[in-house]
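One-based numbering, in listed order, for ligands and for the atoms of each.
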Amino acid sequence: MKQNDVFFHGRGETLFVDDLATFSGLLHAAVLPSPLAHGRIRRLDVAAAARRPGVAAVFTARDIPGDNQIGGIILDEPLLADNEVHYAGQPVALVVAGTARQARQALAAIVLEIEELPALLDPRQAAARGLLIAPPRAFVLGDVDKAWPLCAHVVRGRVDSGGQEHVYLETQAAVAVPGEKDSLRVISATQSPSAVQRIIARVLGLPMSQVAVEVYRLGGAFGGKEDQATAWAVLAALAARALRRPVKLVLERREDMRFTGKRHPYSSDFAIGLDGTGRILAYEVTFYQNAGAAADLSTAILERTLFHAGNSYRIPNVRASGISCRTNLPPFTAFRGFGGPQAMFVLEAALFQAAEKMGLAPAELQRRNLLAEGDELPYGQKVKNCRAQRCFDEAVAAFDLDAGRERVRAFNQANAFCKKGLALMPVCFGISFTSSHLNQAGALVHVYTDGSVSVSTGAVEMGQGVNSKILLVAARTLGIASRRLRMESTCTRRVANTSPTAASTGADLNGKAVERACLEIRGRLLEVAAAALSRDSVAGLELRQESVYLAGKKTDLTWEKLVPAAYMARVNLSAQAHYATPGIHFDRTREKGEPFAYHVYGTALVEATIDGLRGTATVDSVRAVHDAGSSLNPLVDRGQAEGGIVQGIGWMTLEELLYAGDGQLLTDTLSTYKIPDIRSAPPEIEVRFLEDAANPAAVLNSKAVGEPPFMYGIGAYFALLAALRAFRPHKPLPFSSPLTNEKILAWLEEE
Ligand code: LUZ
Ligand code: MOS
């Protein structure tokens with residue numbers, strides 16, 4: 001228990017970046033954002049601000065010693081605006097002062113004159129003008145053009161989905177501390193310590209070896225700190241290096257909401273064709289991704305959109321195209337699901353409309369088209385250990401879909417002003433970074449002479465429980481109690497070249513690296529044990545329950561005796577290990593390959609009610625059968641599933657980002673941007689894990705869990721549509737998320 005963050009969270013003892021206050025001479029920084037979405041900087045004068053009380057220095061683009069460039073995949077993003085601004089909230093200058101209040105007060109004294117240019121906010125308009133982040137991409141399977149004439153039913157339409165603010169509890173934050181010989185130590189609330197290290201080195205003109213980035217834990221991230229924690233860490237580092245003082249930069253909530261990117265809004269066109277029995281023959285879709293003003297991770301996110309265009313379904317002919325469009329909004333970024341949810345929403349919308357046209361229940365179409373073992377996905381991978389049908393069938397049976405339908409029918413017949421709806425939401429999500437090279441991790445394990453153990457990896461704990469899973473892997477592999485283990489901070493000096501803790505892979509990749517390091521140490525210890533027990537070899541020896549076992553019998557040689565004996569015999573008690581997911585590859589010239597180690601499957605049944613007089617929607621229940629493999633920590637996995645479901649419902653039904661025509665974010669507070677709370681969360685959430693569902697492709701037969709359950713929340717949208725349909729049998733339904741109460745009321749009221 002005491003190894004768990006939870007214990008210390010409960011006592012208020014956990015330290016987040018803003019709690020780190022013990023650096024002597026600590027200064028505080030504040031950022032001047034661009035007030036306009038697009039323009040040319042005509043004048044930027046910081047002299048008066050530099051003279052304000054407590055101010056130590058003011059930095060602009062001209063004060064950057066290395067490259068003013070923080071782009072990760074595409075080099076298109078300055079740290080501080082130079083000549084032009086491309087979104088409201090873009091950092092223009094940094095004020096550093098004795099207190100955060102002094103720094104923020106001095107911002108007003110900066111003279112910034114911008115010649116305003118027209119702001120472009122709509123991705124389709126950006127595409128029409130050729131304002132793209134990268135060339136469009138297309139995944140193709142079979143031949144849709146040959147398939148259309150064979151279809152008995154073809155449905156075409158447009159689907160829009162809104163963005164989503166991360167609302168991590170801990171806002172973006174970093175502290176940079178100068179060390180001796182031009183070195184820097186930066187404590188950053190990032191999912192990507194090595195990316196922060198690399199970009200600090202680039203911007204400051206330092207070798208990466210001079211920059212150590214360390215992460216203790218994050219107060220939530222959800223993808224919002226995969227790329228977008230970097231700028232703040234680099235700004236703190238810039239100031240700390242110039243002033244030779246520690247500098248802290250912590251965004252206030254409203255700054256965070258205005259300055260940082262969110263889930264990408266998408267606008268999409270689709271055509272789906274089915275035969276007379278409801279089998280999908282063809283699916284064509286074009287995704288217009290609103291990328292915002294810089295690439296950030298947009299190209300990778302769009303790639304995952306294409307990977308998940310077919311969700312959980314077998315579709316023989318597919319053409320999925322993606323266009324990443326440059327607009328004057330803060331660069332949109334990673335968010336749980338990483339483009340997958342946007343893709344799945346479009347396909348579910350297409351199936352819903354096709355089902356209506358054919359006079360079938362959407363669940364019937366879903367069931368008839370589920371993936372089966374060996375089916376080929378549009379990107380060439382064949383599904384293995386496919387559990388799509390199993391999850392679907394178990395959900396239908398366990399939650400008694402037929403009885404639910406009957407209950408809803410009876411309710412709708414008996415109630416004129418309230419209507420219920422049901423929807424099933426199958427999910428198939430690929431596990432691995434779609435950029436194959438990122439699927440690697442490192443670990444460093446030390447055993448000390450008293451038998452205690454220190455574990456370092458590249459994984460970042462952000463409340464998702466990755467550390468508890470990693471410690472469990474170490475404890476099981478070494479055969480010792482978890483109280484002996486300590487999970488260290490994540491630090492680029494101990495584990496180098498870390499991949500982001502992202503793509504649901506944190507425990508998979510880092511757990512494997514730890515398993516390898518522990519196996520290495522265990523092997524050496526067993527050699528020591530063999531000598532101590534006068535055996536010729538390690539055959540028949542095991543380490544478990546804190547002792548050496550011989551031929552299944554416990555010996556007197558305990559862990560506490562074995563470790564010092566190994567030390568006295570001058571045996572290495574430390575191991576570094578590396579893991580790279582085997583077998584994955586993807587060829588972007590052909591858009592084919594086997595990018596995923598495996599897929600996670602599941603199906604949710606969602607029930608919702610609409611009060612037609614008030615226009616209020618309630619999600620009554622979400623019940624899911626989820627494939628968690630052999631869960632390393634069922635409590636953690638359940639928490640991830642429940643949290644993901646609620647967050648997914650928020651995206652689909654509540655959370656609405658509104659921008660003025662000039663690109664100003666109107667919903668920049670938690671009073672105007674509504675996220676799910678305990679009262680709006682479904683009163684009933686039930687997650688059943690598949691039984692006997694070992695996953696040989698991941699550590700100790702487990703499965704990744706972080707992102708897939710988010711997409712069960714999409715079912716809430718379609719449960720609400722089913723309820724709307726019960727009010728008005730013929731009116732065209734909205735396919736534009738979020739489906740807020742306001743939109744529901746307007747739909748019910750409009751003629
Ligand atoms: N980050 C990334 C991700 O760089 N590549 C991915 O495929 C991914 N998938 C989900 C979340 N983050
Ligand atoms: Mo580290 S960041 O000096 O272990």
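Close contacts between ligand 1 and Leu438 involve ligand atoms 4 (O) [criterion: under 4.0 Å to a heavy atom]. Residue-ligand proximity, Ala502 to ligand 1, at heavy-atom distances under 4.0 Å covers atoms 12 (N). Short contacts between ligand 1 and Arg304, defined as distances under 4.0 Å to a heavy atom of the residue, involve ligand atoms 7 (O), 8 (C), 9 (N), 10 (C).
At distances below 3.5 Å, not a single donor-acceptor pair connects side-chain atoms of Gln464 with backbone N or O atoms of Gly706. The closest donor-acceptor contact from the side chain of Asn439 to the backbone of Phe433 lies under 3.5 Å.
Of all heavy-atom pairs between Ala294 and Ile133, the closest is C-CD1, 4.0 Å.
A tilted orientation is assigned to the rings of Phe345 and Phe718, their planes being inclined by 30° to 60°. Classified by interplanar angle (parallel below 30°, tilted 30° to 60°, perpendicular above 60°), the ring pair Phe335/Phe710 is tilted.
Less than 6.0 angstrom separates the ring centroid of Tyr379 from the ring centroid of Phe596.
Atom OG1 of Thr457 sits about 9.5 Å away from atom CZ of Arg494, to the nearest 0.5 Å.
Polar contact with ligand 1: absent for Glu707 (N/O pair, distance under 3.5 Å).
Among all non-hydrogen protein atoms, the one lying nearest atom 7 (O) of ligand 1 is Thr434 N, 2.9 Å. Nearest to atom 6 (C) of ligand 1 among the protein's heavy atoms is Phe338 CE2, 3.4 Å. Protein heavy atom in closest approach to atom 1 (N) of ligand 1: Glu226 OE2, 2.6 Å. In this structure, atom 5 (N) of ligand 1 lies nearest to the protein heavy atom Phe433 CD2, 3.4 Å.
Contact annotation: for Ala334 versus ligand 1, there are no heavy atoms closer than 4.0 Å.
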